[in-house]
Amino acid sequence: MRNSLILCAIASAAHAFKIPFLDFLSFGSSHAVSSDVVPRKIAIIGAGAAGSSAAFWISKAKTASGVVVDVDVYEREGYIGGRSTVVYPYNDTTLPPLELGASIFVQANKNLWRAASEFNLVKNNLTEDDESEVGFWDGEKFVFTMGPSKGMFNWWNSIKVAWRYGISSPKKTQDIVKGMIKDILTIYSPESPRWRNVTQLVYELGWTDFLTQTTSEYLDLKGIQRRFSREVVEAATRVNYGQNVDEIHALEGACSLAANGASNIKGGNFQIFENFLRRSGATFRANTLVKVISQLDNGKWTVRTSSGDVEVYDDVIIAAPFHSTGIKLMPYSAAAPIAVIPPQPYVHLHVTLLTTPTPRPNPDYFSLPPNSAIPRTVLTTNEGVRSGGQEPEFNSLSYHGSMIDGRDEYIVKIFSKHNISDEWLEKVYGKVGWVYRKEWDAYPKLPPTTKFPPVHLAPGLYYVNAFEPFISTMETETVASRNVVDMLFQDHFGTGICGKPRNVENNSHPEYTEQTVFRQPQQARSDDDFVLGFDC
Ligand SMILES: Cc1cc2nc3c(=O)[nH]c(=O)nc-3n(C[C@H](O)[C@H](O)[C@H](O)COP(=O)(O)OP(=O)(O)OC[C@H]3O[C@@H](n4cnc5c(N)ncnc54)[C@H](O)[C@@H]3O)c2cc1C
Ligand SMILES: *[C@@H]1O[C@H](CO)[C@@H](O)[C@H](O)[C@H]1NC(C)=O
Ligand SMILES: *[C@@H]1O[C@H](CO)[C@@H](O)[C@H](O)[C@H]1NC(C)=O
Ligand SMILES: *[C@@H]1O[C@H](CO)[C@@H](O)[C@H](O)[C@H]1NC(C)=O
Ligand SMILES: *[C@@H]1O[C@H](CO)[C@@H](O)[C@H](O)[C@H]1NC(C)=O
Ligand SMILES: *[C@@H]1O[C@H](CO)[C@@H](O)[C@H](O)[C@H]1NC(C)=O
């Protein structure tokens, strides 16, 4: 247990914060757990959105089912959050932190929205703050510029959009996005589908069309103007997923456009994930790299770390993109194989953060006269390349807010496929203060498909990030982990994440306490507020 740190248990946190299942918790804990109950042990690999929320869902599920479960969360880094993490300009923690990875979630992201409010985290309303102009750059020229009053998150009704793209294409596209959001909200309801593999969910949501076509094919068939999908929609798929509309499937294309209620957490989105983990009562094993997961002859699993520590678990949940983990999976015998996770390419993204006193990018770089006001947000389209032109050197450039207090400098964030050199920064911004570069395997490449990685790898071995080639966001990783925890509890205790009224007396599981407390959907909450896993 070297390098490990036990985070405060949920019981102490419960006094300070509003937790809706508190009633059940105190009720449940009045049933003494006899000391000869051997807890079931679960390992979670990864403490990002997926792993931290898996720990949280397990804490909910064990309360609901009255079982005794010990959870260890292994994380190779020293922090919670994974691809959701912040850095400070000049490494000065008195300045506001900047998101280095995942920066935005939306109101339809019910788990994150709800978690933020339960954990008393303060959200920034990005729609409100957004006063920036947006330019759409094709590598050689701006094909379109919009703003300054509408900005990135609110462009549907812009007059300038209507002028270039007509009214019907933006309207129809918006309707497609709204329909997609309406469908996806069913996964927060008590009747949510439970899926053993992602293909099953695609069928249950009736989303085959979304998954089997590229975004451009899908929008073309819906009669949406080519120019609109190739310029505006593509700007969104490129800034959000580093992929073009003729590469990325239509579901992720639609997700790129869902910006209603765009928000982030003041001080960093990672705080949601820290709270998930802390409140779960799980043991956090930071700076601990998992090397091997192997099955024993009794069906249990061992987890071996780089320092040679070995622990035995009943279940293991892998909550990281498998091929990036370097983990070796070893079945006990050929007769009990572990499902193969096919290779999954990720988009390799360069994030460059910098400070500069220059209020706008240099017009000269964009081949415009010196007095031109270049938009403070520049998104890109691949349409220039498709007609034989030069590729944009970046996916997006954006100024973030006003000057940093006490320093006459702005913050700029750049996403690109390649390293951005100091010379390039000087060319575009003139004087540059602090620069921070980070490379991520940011999100999967998302071509049309109905084949997804397996979720259930073997009895007791589960894979959350099978969900990522379907949708890759912080929120959907928390949905995928909820489904995995539900499946694990079904598989082993016959109760899902919410517990389930069933024949408790008939249950022979030693993990059951005398009396099991089942959480029922709370009728008091309106359907709109109900969030499966939180409210049941
Ligand atoms: C630049 C960027 C911008 C993004 N923007 C957004 C956005 O605005 N909104 C949004 O919702 N999403 C966004 N995303 C996507 C989002 O970050 C991911 O979908 C989500 O955070 C993935 O969470 P995860 O827990 O599945 O994976 P991760 O966050 O990658 O967590 C996996 C964890 O596992 C750990 N790990 C890996 N291997 C091992 C091992 N062998 N042993 C122990 N630990 C291991 C890793 O260190 C990591 O902490 C963005 C991503 C990037 C990179
Ligand atoms: C930032 O500051 C922290 C704390 O002082 C320090 O540990 C870290 O090495 C610094 N990072 C960089 C990149 O300078
Ligand atoms: C954010 O601000 C916008 C614009 O003022 C407003 O319309 C919207 O309702 C706000 N959203 C939230 C969730 O507060
Ligand atoms: C997915 O799960 C469903 C339901 O359990 C099953 O019928 C189907 O065969 C599975 N598909 C794959 C590819 O595993
Ligand atoms: C990226 O460019 C910077 C500045 O030119 C350089 O210091 C850094 O090593 C480069 N990184 C990579 C991965 O090439
Ligand atoms: C177990 O459940 C069955 C119905 O499934 C019921 O008939 C039986 O009485 C139960 N046994 C006990 C011991 O309660």
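The residues of the chain are indexed from 1 along the displayed sequence. Computed from a prediction, not measured in an experiment: that's the story for all the values here. Both ligands and their constituent atoms are indexed starting at 1 by order of listing.
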State whether the number of non-hydrogen atoms from other residues, nucleotides or ligands found under 6.0 Å of D422 atom CG is greater than 12.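 Enclosed.
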Is the number of heavy atoms from other residues, nucleotides or ligands under 6.0 Å of M330 CE greater than 12? no
Quick note on ligand 5: atoms under 4.0 Å from a heavy atom of D422 include exactly 4 (C), 5 (O)
Just jot down the ligand 5 atoms closer than 4.0 angstrom to any heavy atom of R437, in number order.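 Close to R437: 1 (C), 2 (O), 3 (C), 4 (C).
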Consider only side-chain N and O atoms of H492 and D315, and report whether a donor and an acceptor are under 3.5 Å apart. yes
Does any donor atom in the side chain of W424 or E393 lie under 3.5 Å from an acceptor atom in the other side chain?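 Yes, E393 and W424 have a side-chain donor paired with an acceptor closer than 3.5 Å.
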Backbone N/O of F452 and side chain of Q344: donor-acceptor pair under 3.5 Å: no
What residue and atom, counting heavy atoms only, is the protein's closest point to atom 14 (O) of ligand 2, and at what distance? N91 ND2, 3.3 Å
Top protein contact for atom 13 (C) of ligand 5, by heavy-atom distance: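 Sorting protein heavy atoms by distance from atom 13 (C) of ligand 5 puts E439 OE2, 3.2 Å first.
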Can you find an N or O of R196 that's nearer than 3.5 Å to an N or O of ligand 4?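 In fact, backbone or side chain, R196 has no N or O that close.
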Once you restrict to heavy atoms under 4.0 Å, what part of E423 touches ligand 5? Side chain, backbone, both or neither. neither
So which bit of N419 gets within less than 4.0 Å of ligand 5, heavy atoms only: side chain, backbone, both or neither? side chain
Among T358, L354, T355, whose side chain to side chain contact (heavy atoms under 4.5 Å, CB included) with E409 holds? T355
